[in-house]
Each structure stands twice: as C-alpha cells, then as structure tokens.
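Since the model is a prediction, treat every value here as computed from it, not as a measurement. Residue numbers start from 1 in every chain, and the chains themselves are labelled A, B, ... in the order their sequence lines are given, proteins ahead of strands.
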Amino acid sequence: MRYWLMKSEPDDVSIDDLASMGEVGWYGVRNYQARNFMRDAMALGDGVLFYHSSCPQPGVAGLAEVSRLAYPDPTQFDPESRYFDPKSTPDQPRWQQVDVRFVRKTRLLSLDEMRRMPTLAGMQVLQRGNRLSITSVSEAEWRDILALLD
DNA sequence: GCCAACGTTGGC
DNA sequence: GCCAACGTTGGC
C-alpha cells in the first residue's frame with residue numbers, strides 16, 4: 001500500500017467533479033516519470049491526495065484511491081483531444097492511466113499551509129522546481145496530512 | 001502575464 | 001551522447 005499526491009486542474013476535474021462522478025480515468029499524463037508511477041508502482045487501494053493545481057487556491061482538496069490499474073489512456077489516440085499523441089498507436093500505446101475513486105472531500109489544505117508544516121518539508125511536491133503531476137507520499141506524510149484535515 | 005525550473009527534441 | 005533551443009508546468 002502506497003500513497004500518492006495527484007494534481008488536477010479544478011477547471012478540468014475538481015474534487016466536486018470527482019464526487020459526482022464517483023470515479024475518473026486519470027487521463028492526460030504526458031510525463032514519463034508520472035506515467036511510470038502509474039504503470040509500475042500503483043496498486044489497487046493506494047491512497048491519493050487529490051490536489052488542485054493551477055488555480056487561485058492550490059492545495060489538497062480531498063482523498064481518493066486507486067480503483068483500476070494502469071491501462072492505455074484513450075485520449076492519446078483521439079486527434080480531437082489536446083492530449084493526442086501522433087506517435088502513439090493502439091498496438092504500442094505510449095501513455096497509461098489509472099482510475100481513481102472518490103473517497104471524501106476535505107477542507108482545503110493550502111499549499112501555503114503545507115509549506116509551513118516542518119514535518120511536511122520533505123514532501124516531493126514541495127521541493128523546489130517540482131512540476132511532476134504525480135508524486136509519492138510517505139506513510140508519515142500521509143498520516144500527518146490526514147491529521148491536519150480532520 | 002511573468003518567469004523559474006525542468007523535460008523533451010533534434011541537430012551534430 | 002551532448003547540449004542548445006524550445007515547450008510546459010504551475011505558483012505568484
């Protein structure tokens with residue numbers, strides 16, 4: 001059992017969208033490191049911090065869990081999609097996604113508040129220059145964050 | 001809209 | 001395999 005932080009732009013998929021849909025495919029990842037996390041390291045039931053990025057109030061907005069293991073991201077084959085990848089074919093798909101299931105909405109734990117917590121200083125997502133849309137979260141960090149969210 | 005940081009591309 | 005140029009992310 002591992003833990004992850006996954007960034008989503010709320011204009012695209014917010015925690016409220018996830019709540020109403022129940023489950024979403026995590027489409028659109030176009031970074032190899034993030035893809036490899038999904039493909040190689042995620043397991044069913046892994047804990048997910050649902051993070052709102054590129055928005056007025058960036059931060060953790062809720063909890064989710066991995067509900068389906070990696071499979072090809074359909075948007076890579078769709079010429080109409082902004083995530084279309086002409087170098088990808090159904091035979092040799094380049095990009096993968098997992099499905100993520102809603103667990104619960106939380107208060108917004110802002111990026112600013114996270115930065116002020118000494119115990120969270122080591123979090124991958126807080127490291128200088130980090131741009132990965134999926135990062136791993138240690139068990140201790142997960143526990144600390146859950147305590148902050150209650 | 002700016003821009004720092006980083007990933008990817010492609011010429012050599 | 002190097003590395004400059006370019007593109008993207010994402011906070012501010």
Side-chain angles (χ1 to χ4, degrees), chain A residues 2-21 23-42 46-66 69-138 140-142 144-149:
Chain A
R2 300 195 193 199
Y3 305 96
W4 308 95
L5 181 144
M6 299 175 78
K7 295 179 185 172
S8 181
E9 301 186 13
D11 282 351
D12 189 5
V13 181
S14 71
I15 190 67
D16 290 328
D17 295 330
L18 180 63
S20 64
M21 290 185 285
E23 190 176 35
V24 291
W26 208 267
Y27 62 88
V29 170
R30 295 294 180 268
N31 169 283
Y32 290 104
Q33 231 183 310
R35 179 204 66 184
N36 294 348
F37 279 147
M38 291 196 288
R39 190 189 61 190
D40 306 330
M42 283 191 182
D46 277 4
V48 173
L49 300 173
F50 191 99
Y51 180 95
H52 283 173
S53 70
S54 296
C55 60
Q57 285 269 353
V60 174
L63 303 178
E65 64 184 10
V66 175
L69 296 177
Y71 61 102
D73 175 348
T75 63
Q76 70 194 304
F77 309 126
D78 176 6
E80 303 300 309
S81 169
R82 60 185 280 222
Y83 298 114
F84 178 62
D85 183 347
K87 293 182 186 159
S88 199
T89 67
D91 281 350
Q92 300 246 314
R94 186 183 282 213
W95 305 111
Q96 306 267 117
Q97 65 180 27
V98 295
D99 286 354
V100 159
R101 181 190 299 131
F102 178 73
V103 173
R104 69 182 169 96
K105 187 175 176 176
T106 64
R107 77 177 178 91
L108 188 94
L109 174 61
S110 71
L111 177 61
D112 188 56
E113 185 175 352
M114 291 168 73
R115 288 199 191 283
R116 289 200 306 266
M117 292 293 304
T119 56
L120 301 182
M123 281 191 77
Q124 222 181 324
V125 72
L126 301 184
Q127 301 315 300
R128 171 190 164 83
N130 167 75
R131 296 181 314 162
L132 261 190
S133 63
I134 301 175
T135 51
S136 66
V137 174
S138 75
E141 290 159 355
W142 176 266
D144 287 345
I145 285 176
L146 285 205
L148 287 173
L149 289 175

Atom [atom1] of [X] and atom [atom2] of [N]: how far apart are they, to the nearest Å?
| X | N | atom1 | atom2 | result |
| --- | --- | --- | --- | --- |
| A:N130 | C:dT8 | CG | P | 18 Å |
| A:Q57 | C:dG11 | CD | C1' | 12 Å |
| A:E9 | C:dG10 | CD | P | 7 Å |
| A:R35 | C:dT8 | CZ | C1' | 18 Å |
| A:M114 | C:dG10 | CE | P | 14 Å |
| A:R30 | C:dT8 | CZ | P | 13 Å |
| A:F37 | B:dG7 | CZ | P | 12 Å |
| A:N31 | C:dG10 | CG | C1' | 14 Å |

(request) Name the residue closer to the 5' end of DNA chain B, choosing between A:R128 and A:K87 according to the nucleotide with the nearest heavy atom. (result) A:R128
(request) Could you tell me whether the side chain of A:Q76 and the main chain of A:P86 form a donor-acceptor pair under 3.5 Å? (result) no
(request) Return yes if some donor-acceptor pair links the side-chain N/O of A:S54 with the main-chain N/O of A:E9 below 3.5 Å, else return no. (result) no
(message) Which is more 5' along DNA chain C, the nucleotide nearest A:D112 or the one nearest A:R82? Just name the residue.
(response) A:R82
(message) Using 30° and 60° as the class boundaries, would you call the ring planes of A:Y27 and A:Y83 parallel, tilted or perpendicular?
(response) perpendicular
(request) Check A:D73, A:D85, A:T89 against A:R94 for a side chain to side chain contact (heavy atoms under 4.5 Å, CB included) and give me the one that passes. (result) A:D85
The side chain of [X] lies closest to which of these nucleotides: [options]?
| X | options | answer |
| --- | --- | --- |
| A:R94 | B:dT9, C:dG11, C:dT9 | B:dT9 |
| A:L111 | B:dC6, C:dG10, C:dG11 | C:dG11 |
| A:Y32 | C:dG11, B:dT8, B:dC6 | B:dT8 |

(message) So, does A:K7 get its side chain near the phosphate of C:dG10, meaning an N or O under 4.0 Å from OP1 or OP2?
(response) yes
(message) Quick check on A:R39: does its CZ atom have over 12 non-hydrogen neighbours (other residues, nucleotides or ligands) under 6.0 Å away?
(response) yes
